[in-house]
Every structure is written in structure tokens, then in C-alpha cells.
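Reckoned from all heavy atoms, side chains included, excluding hydrogens, waters and symmetry mates. Each chain gets a letter, A, B and so on, in the order the sequences are listed, and its residues count up from 1.
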2 protein chains.
Amino acid sequence: MLVTTSDTDYDPAAFPPFAVTVDLVILTVRPPRLDVLLLQRAEEPFARQWALPGGFVGPDQDLIEAARGKLEQKTGVSVETAHLEQLATFGHPDRDPRMRVVSVAWLALLADPPDPVAGIDALDSAWVDIDGLDRSTLAFDHHLILEAGIERARNRIEYTTLATRFLADEFTIAELRSVYETLWGVTLDPANFHRKVNASQGFVTATGRSVSHGKGRPAKTYAAGPAEYLEPPVRRP
Amino acid sequence: MLVTTSDTDYDPAAFPPFAVTVDLVILTVRPPRLDVLLLQRAEEPFARQWALPGGFVGPDQDLIEAARGKLEQKTGVSVETAHLEQLATFGHPDRDPRMRVVSVAWLALLADPPDPVAGIDALDSAWVDIDGLDRSTLAFDHHLILEAGIERARNRIEYTTLATRFLADEFTIAELRSVYETLWGVTLDPANFHRKVNASQGFVTATGRSVSHGKGRPAKTYAAGPAEYLEPPVRRP
DNA sequence: GAAATAGTGTCTTTGAGACAATATATG
DNA sequence: CATATATTGTCTCAAAGACACTATTTC
């Protein structure tokens, strides 16, 4: 933290100021779509371009509090039911044309969100399908952040139980499977997947109820189990 | 990035300044020790306590450049031969008693480093065994950062070829095994490990040479292969 | 009953681990 | 040769995947 060879290094106040922001990659799964929440900017720079939701960190605000606040403000979803984790920090000197801004990016995973809350300062806000989105048109370096978020989510569901965060409290194995299929862009064998999920201790717990989706045999429903990590993992094909 | 409900949010310069630093978890393996590079602070706050190497990010300096500079300055090792990756960002409002400081932490993995370069501003610097270190005595929130770094390293060697970064250009399978054993605190079956490493495409490539360690059959030597990820992974027991 | 989806059985292949056996050096 | 370490062989078990088959609903 402190040790260097120049005297000025000892005094934090002697250093030029940085602005610190949070940016959020908020993902939800609506098969066959993987959607990210984007806002259309009203102001320069990058006016009218789409961007990730984010904002400045308050002077006495913890980083995760800033992220949590933005998440709840933009989605209307309590962070209790969502997953929020730190992703990475982006701080290239030229990433914001106005001044030096370091952005701490966060990844949020949500189940079945309501329509986004339009801020008075954004032209529009929407859940945007990951496919069919030209990421290079995003404001700032948000294409990098989005890329990192998607990649993180794809990896996380392999070793953790986070796939259930994309679903309601009660869900079927087929719905859980569709989360994997949507994120990974593959199709999985229903039979093998069913067995694997039930074999992974604490991944899901049966509710004892069933639900009918119109056609076919009704599916038993499950709730997220107590486990945080999958053992063995659900490996990506 | 921009959208909120208050007007001041639009102007980055209107926001109170943060200081931004980098802190480094620099690890090396010297079986049976896993060592981290620490500095003993000369100045308040936390004078005489041990801390991770770090420093302020320059006004026009990219984050990774700041980390790279510190790494080379403190270890005398070129970043070419080391691995450096971003770890996480720590920004609790009270983590530095002087002012608001957000620290971007980095993880570095090194092979067989020289003695640390003592800065004129640190009382001492040393490679410290992870075991036998009372992490709670570290300055700032560096116990959290160190914890995150160790955990990251332990996970990385499971799915990536990074274990070879702890070794010289030429190494034996037994030396590679000792990296895993040291980081994971386990003993692995030499026979099974040998086969697994050779079965993992691109993990290591034979040099055609051998080396004798005094007793026993001489071991063939290998160099790091072209692969970055292990397929299949070397799973932690 | 036909169609559709949920869930089970079974077989094959692959990788992990235990451990015996062989290879090649030093003293 | 005794000993130590490296490397290969072999066997067993667990998990993954292909796919046939059964179960239970709607129309």
C-alpha cells in the first residue's frame, strides 16, 4: 500500500483524484434468451447509446452498497432474492473521456424480473437478448464488462448452485435444465441431467408438489437446496 | 454509468475524490512452503506492521501497469516470466484511516525469486511462509486480500496450467507435483499424477533431457506446454 | 388412443485412485 | 546389492453420455 521510493507516495491526498463508479451486468434467463439489462443514455458522452446500469460510489458508501442500490433501483428487485458478486475492475485511463474513472463491475443474477424501471435520466431501458446485440456499440468499455459478466456466469453454474438464482422459488428440473442450455447454448440430455441434479447433494430439494405445463406428464417441483457448491460439478459439454 | 435521479451524478468532477491503489499478493512455492512477499511498514498508519506490497496508481497509468511496476520493483523479476492477474477490489470506506482509498488487488505467481528488494521506505521485506503467519496482524485489510489471493491460486491450478509458473523453465513431474501438494496441503500419488499430467494435452512438453537429484532414478525434464486450460482438470482431492 | 413431456434402466466409455511391478540412478 | 525415486501396469470404482424404455398427463 505505501512503500515506494518517492515522498509523495506517502500522502494519499497528494494524489490526483479518481472517480469511482460501479457498473452492473444484470442477467436473467428467459429461454431461449439470455437477457441483460441495458439503459439508453440521455447525455453525452455516448448519448443515445446503450450502456450498463451504473453510477458513482458515494464518499462513505461501500462498493457493494453502491452496486446493491443500483440493482434495486433499476430492477425493482430486492437483493435478497438476487445474486450479486464482484466481477472485475476496469480502469483504463481513457475509458471515460471526461476524467479518470475507475469502475468496479458487478454481476447480478435474477429470476423473472419485472419490466425495468425507467430512470428520468435515461431515454429507455430494456432487457436485451445477448444474441442479436452488437456489443461493440455499447458505451464506454461496456462491451468488455458485459463479456466478462457473461463468461463469469457461464463458468459459475458449472461449479456452484447459482443456476437456481435464475428461477423462481419453485421450479422443475426441466426449467433448471433450460437455464444451463440457455447460458451454454447447448442441448442437454433430459434423462442424464435429471439424474445428475438429483445426485448432487444439496443442489435441489423436492417440494412434494407437481405442476402441469399443459401437455405431457406433470413435473415434480423443487426448491433450491442448501448447497452453494456442486459436488460433483455439472461439467460443460 | 450515468443514470441516476440526482443531477450531480452527471458530473464526475462534482464527486468527492477517491485514491486508487494496487496491492499485490505475490506467491512463490518453495516446498514445503508457500511464501508471500511482505513488507514491514516504516510509516503510520500501521507502522512496523507487515503489509502487502502496493502503491498508488498514477493519474494516467493503467491499473495493470501500476501492478506490473510494483511487481518488478519489489521482486526484481520481469513480468514476462511471471503470471499477473487481477484478483478483486477492496473499497470499504474505513479500510484506510487517512482517506477514502479503493485498492485493486492483483495476484502474481513467481518461480524461484531472488531475495526481495528492500525499498528505502520499508523497514524490511521478506518471503513469509503462509503457515506460521498470523494473518490478522497484517496492515489495513490485507488479511482479506491475502486470503483471496491464496484461495484464487489454489483454485486456478485445478483448471489451468498456471502451476508451471511456480517452476523454472525446465522441471520434473515430481517438482510439478510438489507445487500442487504445497498449495493444497495434500500428498498426491506419484504414479497417478504422472499419468494425469502427461494425459492432459499441452500441459507439459518433454525436453528429452533428464536430471539426477542425487538418489533414485533420474527424472525426465519438461517445459510448460502451450495449453492455458487443463482438459481434463486436475481435481483437488 | 396419439402426442408430448417427465422420469428410470442399462450399457459403454472415460477418468480417478489404490497399489503392485518395473526401471535406473547413488552409495 | 540396498535404497531411493521415477515410471509403467493393472484393477476397481465413479461419473458421463447414448439411448431404450416406462409413466402420466392433455387432447
Go through residues 228-237 of chain A and report each residue with a non-hydrogen atom lying under 4.0 Å from DNA chain C, sorted by number.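 Nucleic-acid contacts, sorted: none.
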Of the options K74(A), R95(A), K70(A), which is the one that meets D23(A) in a salt bridge (Lys or Arg N to Asp or Glu O under 4.0 Å)?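 Single pass found, and it is R95(A).
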For P31(A), side-chain contact (heavy atoms from CB on, under 4.5 Å) partners two or more places apart: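 With neighbours one apart ignored, the set is V29(A), S178(A), T182(A).
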Taking side-chain contact (heavy atoms from CB on, under 4.5 Å) as the test, write out the residues that go with A111(A), two or more places apart.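 Checked A111(A) against side-chain contact (heavy atoms from CB on, under 4.5 Å); zero matches.
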Is there side-chain contact between [X] and [Y], with heavy atoms separated by less than 4.5 Å?
| X | Y | answer |
| --- | --- | --- |
| V102(A) | T89(B) | no |
| V25(B) | W106(B) | no |
| V36(A) | I130(A) | yes |
| L27(B) | L107(B) | yes |
| V20(A) | L63(A) | yes |

DNA chain D contacts among [range], heavy-atom distance under 4.0 Å:
| range | value |
| --- | --- |
| residues 180-187 of chain A | none |
| residues 158-167 of chain B | none |
| residues 194-201 of chain B | H194(B), R195(B) |

Do the side-chain N and O atoms of T207(A) and T221(A) include a donor-acceptor pair separated by under 3.5 angstrom?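 Short answer, yes.
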Regarding T187(B) and E181(B), do their side chains bring together a donor and an acceptor under 3.5 Å, going by distance alone?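 There is no such pair between these side chains.
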Please list each protein N or O that sits under 3.5 Å from an N or O in nucleotides 25-27 of chain C, with the distance.
unit_1, atom_1, unit_2, atom_2, d
dT26(C), O4', G214(B), O, 3.0
dT26(C), O3', G214(B), O, 3.3

Could you note down all residue pairs passing ring-ring contact (aromatic ring centres under 6.0 Å, His included) where residues 182-218 of chain B supplies at least one of them, sequence neighbours left out?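 Checked against ring-ring contact (aromatic ring centres under 6.0 Å, His included) - neighbours excluded - the pairs reaching residues 182-218 of chain B are Y180(B)-W184(B), Y180(B)-F193(B).
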Going by the ring-ring contact (aromatic ring centres under 6.0 Å, His included) test, which pairs reach into residues 150-171 of chain A, not counting sequence neighbours?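 The answer is Y159(A)-Y159(B).
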In whole angstrom, give the distance that lies between atom [atom1] of [X] and atom [atom2] of [N].
| X | N | atom1 | atom2 | answer |
| --- | --- | --- | --- | --- |
| H213(A) | dG7(C) | NE2 | C1' | 14 Å |
| I173(A) | dT8(C) | CD1 | C1' | 14 Å |
| F193(B) | dA16(C) | CZ | P | 12 Å |
| N192(A) | dT10(C) | CG | C1' | 11 Å |

Those residues that, when tested against R195(A), pass salt bridge (charged side-chain N to carboxylate O under 4.0 Å, His left out) (two or more places apart):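 Once residues adjacent in sequence are excluded, R195(A) has no partner under the salt bridge (charged side-chain N to carboxylate O under 4.0 Å, His left out) criterion.
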Sugar-phosphate only, base, or nothing, as touched by A191(B) at under 4.0 Å among non-hydrogen atoms: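 If one applies the 4.0 Å heavy-atom cut-off, A191(B) turns out to touch a base.
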Flag, side chain of [X] to backbone of [Y], donor-acceptor distance under 3.5 Å:
| X | Y | answer |
| --- | --- | --- |
| R165(A) | L109(A) | no |
| R30(A) | D129(A) | no |
| Q40(A) | W50(A) | no |

Working for side chain to side chain contact (heavy atoms under 4.5 Å, CB included), residues V204(B) and N198(B): CA-CA 7 Å; V204(B) 298; N198(B) 270 318; 4.1 Å; yes
Which residues pass the side-chain hydrogen bond (donor to acceptor under 3.5 Å, both in side chains) test with R235(A), sequence neighbours left out?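 Partners of R235(A) under the side-chain hydrogen bond (donor to acceptor under 3.5 Å, both in side chains) test: E231(B).
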Which nucleotide span of DNA chain D, 5' end to 3' end, has atoms closer than 4.0 Å to non-hydrogen atoms of chain A?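 Boundary nucleotides touching chain A, in 5' to 3' order, are dA16(D) to dT26(D).
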